[in-house]
Amino acid sequence: MIEDIIEPGLSSELSPESYIVSNLDLAPDDSKFILFCGGKKIGSVGNLVTIIGKPKARKTTFAHAILSSAIGGGERLGFGVRLPKGKRDIILIDTEQDRNDIAAALQRLKLQGDIASFADFANFKVYSANTLTPKEIEILLINIFRQNNKIGLLMIDGLLDMVTDMNCVDECSRVLANIRKLAITNKCLIVTVLHSSKTTGYSIGHLGSFAERKSQSLLSVEKDKDENSSTISAQYMRSDQAFKPITIFYDQVKRCYINSEVF
């Protein structure tokens with residue numbers, strides 16, 4: 001009997017018709033893709049993209065390049081964003097930095113994106129969540145979506161603060177499933193930033209494992225041996241071939257990071 005294998009609290013009234021792929025000849029819809037790099041399709045609405053790297057590898061620099069492209073247009077450090085029609089809002093949730101450090105990071109983001117003032121971009125909103133518990137951050141995330149149905153791109157920097165135990169299978173599975181569900185339900189792309197192991201370079205714990213499984217693309221940032229530059233590459237991409245790795249370094253004159261190939 002099916003009732004014998006249903007866990008307590010779960011409903012057996014799951015309709016197969018709700019999940020069947022009805023048109024097997026349907027071509028993929030490329031208009032759903034909103035994040036690109038080197039001409040390759042990185043992320044589409046209803047999906048997750050995860051950026052991993054060791055501490056201080058400049059993950060946030062690349063993450064902010066994505067944001068600056070979404071805010072000001074154009075390609076930034078190789079990344080380009082094309083927000084979906086009618087969903088022009090861009091959200092950053094920073095779980096690590098205090099408000100003063102966020103202010104400093106936003107100044108660098110402005111330089112990166114040639115943005116004179118964020119006052120001209122009311123569609124960009126930043127939330128500081130470094131004082132919140134993992135559960136409170138999750139509630140904040142849900143309430144942001146409840147209040148705004150025009151979000152096209154949302155970024156969580158960093159994902160580790162959304163769990164109390166990165167090696168708890170149940171907690172990590174639930175949090176990643178909920179984030180993915182929010183992306184699908186709200187028809188937006190969610191980008192997460194996650195630390196990798198200091199020794200192996202791989203994403204950490206069960207949290208990293210579930211982030212990899214749920215992500216459409218997994219991007220890895222490594223600081224180069226001279227420590228003056230960093231390189232981002234694709235560990236895997238479900239929807240396209242990998243883009244050519246991008247190396248950046250800090251330009252003292254421009255006071256921001258630039259793509260070494262462009263230079």
Side-chain angles (χ1 to χ4, degrees), residues 19 28 32-38 40-67 77-79 81 91-96 129 134 137-138 141 153-223 230-246:
Y19 298 91
K32 292 182 179 295
F33 284 90
I34 69 170
L35 177 60
F36 305 86
C37 184
K40 305 299 183 181
K41 300 186 288 290
I42 306 294
S44 62
V45 296
N47 271 297
L48 305 182
V49 169
T50 299
I51 301 173
I52 68 169
K54 296 179 182 179
K56 304 301 182 182
R58 303 187 177 100
K59 301 182 296 297
T60 295
T61 299
F62 283 105
H64 282 189
I66 294 172
L67 290 174
L77 301 183
F79 288 91
V81 176
I91 304 294
L92 168 62
I93 302 175
D94 193 308
T95 69
E96 298 182 345
I137 296 173
E138 190 173 359
L141 176 62
L153 173 67
L154 183 140
M155 182 172 291
I156 304 170
D157 186 3
L159 183 61
L160 184 60
D161 291 311
M162 291 197 65
V163 296
T164 55
D165 183 355
M166 66 181 180
N167 286 311
C168 176
V169 173
D170 290 342
E171 181 184 23
C172 294
S173 173
R174 181 190 61 77
V175 168
L176 263 300
N178 286 346
I179 293 174
R180 177 71 188 279
K181 186 179 294 186
L182 287 170
I184 294 171
T185 304
N186 294 278
K187 296 182 175 62
C188 73
L189 174 66
I190 296 180
V191 177
T192 66
V193 181
L194 177 64
H195 289 309
S196 62
S197 167
K198 293 181 180 180
T199 54
T200 66
Y202 292 110
S203 54
I204 53 177
H206 287 299
L207 179 66
S209 297
F210 281 110
E212 292 181 17
R213 293 179 198 174
K214 296 293 184 181
S215 294
Q216 187 175 24
S217 298
L218 179 68
L219 312 183
S220 176
V221 180
E222 293 186 8
K223 185 181 288 186
S230 292
T231 299
I232 191 168
S233 58
Q235 279 203 9
Y236 74 76
M237 291 166 50
R238 300 185 192 278
S239 302
D240 209 340
Q241 295 179 336
F243 57 87
K244 183 179 178 181
I246 295 170

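The model shown is predicted, which means the values in this text are computed figures rather than measured ones. For the single chain, residues carry numbers from 1 onward in sequence order.
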Under 3.5 Å, side chain of Gln216 to main-chain N/O of Ser44, donor-acceptor pair present? yes
Residues passing the side-chain hydrogen bond (donor to acceptor under 3.5 Å, both in side chains) test with Lys32, sequence neighbours excluded, are none
Quick check for you: to the nearest 0.5 Å, what is the distance between Lys54 atom NZ and Lys59 atom NZ? 11.0 Å
Rounded to the nearest 0.5 angstrom, the CG-CZ distance for Leu218 and Arg238 is 9.0 Å
Minimum heavy-atom distance Phe243-Met237, with the two atoms named: CD2-SD, 3.8 Å
Can you confirm whether more than 12 heavy atoms, excluding those of Glu222, are under 6.0 Å from its CD atom? no
Give the C-alpha distance, both sets of side-chain angles, the deciding distance and a yes or no for side-chain contact (heavy atoms from CB on, under 4.5 Å) between His64 and Leu77. CA-CA 10 Å; His64 282 189; Leu77 301 183; over 6 Å; no
Among Thr192, Leu153, Leu189, which residue satisfies the side chain to side chain contact (heavy atoms under 4.5 Å, CB included) criterion with Val49? Leu189
How long is the gap from OG on Ser173 to CG on Asn178, to the nearest 0.5 Å? 9.0 Å
Which atoms form the tightest heavy-atom contact between Glu171 and Asp165, and what is the distance? OE1-N, 3.1 Å
Heavy-atom closest contact (Ile246 atom, Gly78 atom, distance): CD1-CA, 3.7 Å
Residues, nucleotides or ligands: over 12 heavy atoms within 6.0 Å of Lys187 NZ: no
With a 4.5 Å limit on heavy-atom distance, are the side chains of Lys223 and Thr231 in contact? no
Quick one: pull up NZ in Lys56 and OG1 in Thr61 and give me the separation to the nearest 0.5 Å. 10.0 Å
Heavy-atom closest contact (Cys172 atom, Phe210 atom, distance): CB-CD1, 3.8 Å
Taking Arg58 for its side chain and Ile232 for its backbone only, find out whether a donor-acceptor pair lies under 3.5 Å. no
Minimal non-hydrogen separation, Val221 against Ser230, with atom names: CG1-CB, 4.3 Å
Residue list, side chain to side chain contact (heavy atoms under 4.5 Å, CB included) with Leu141, at least two apart or on another chain: Ile93, Phe145, Leu154, Ile156, Met162, Ile179, Leu182
Taking Gly208's backbone N and O only, do any of them form a donor-acceptor pair with Arg213's side chain (distance below 3.5 Å, no angle check)? no
Nearest 0.5 Å, what's the CD-OG distance between Gln235 and Ser196? 8.5 Å
From Leu219 atom CG to Leu35 atom CG, the distance as rounded to the nearest 0.5 Å: 7.5 Å
Smallest separation among heavy atoms of Asp240 and Lys41, with atom names: OD2-N, 2.9 Å
Met166 and His195: side-chain contact (heavy atoms from CB on, under 4.5 Å), yes or no, with the steps? CA-CA 11 Å; Met166 66 181 180; His195 289 309; over 6 Å; no
Apply side chain to side chain contact (heavy atoms under 4.5 Å, CB included) to Ala211 and list each qualifying residue two or more places apart in sequence or on a separate chain. Thr50, Leu159, Leu176, Leu194
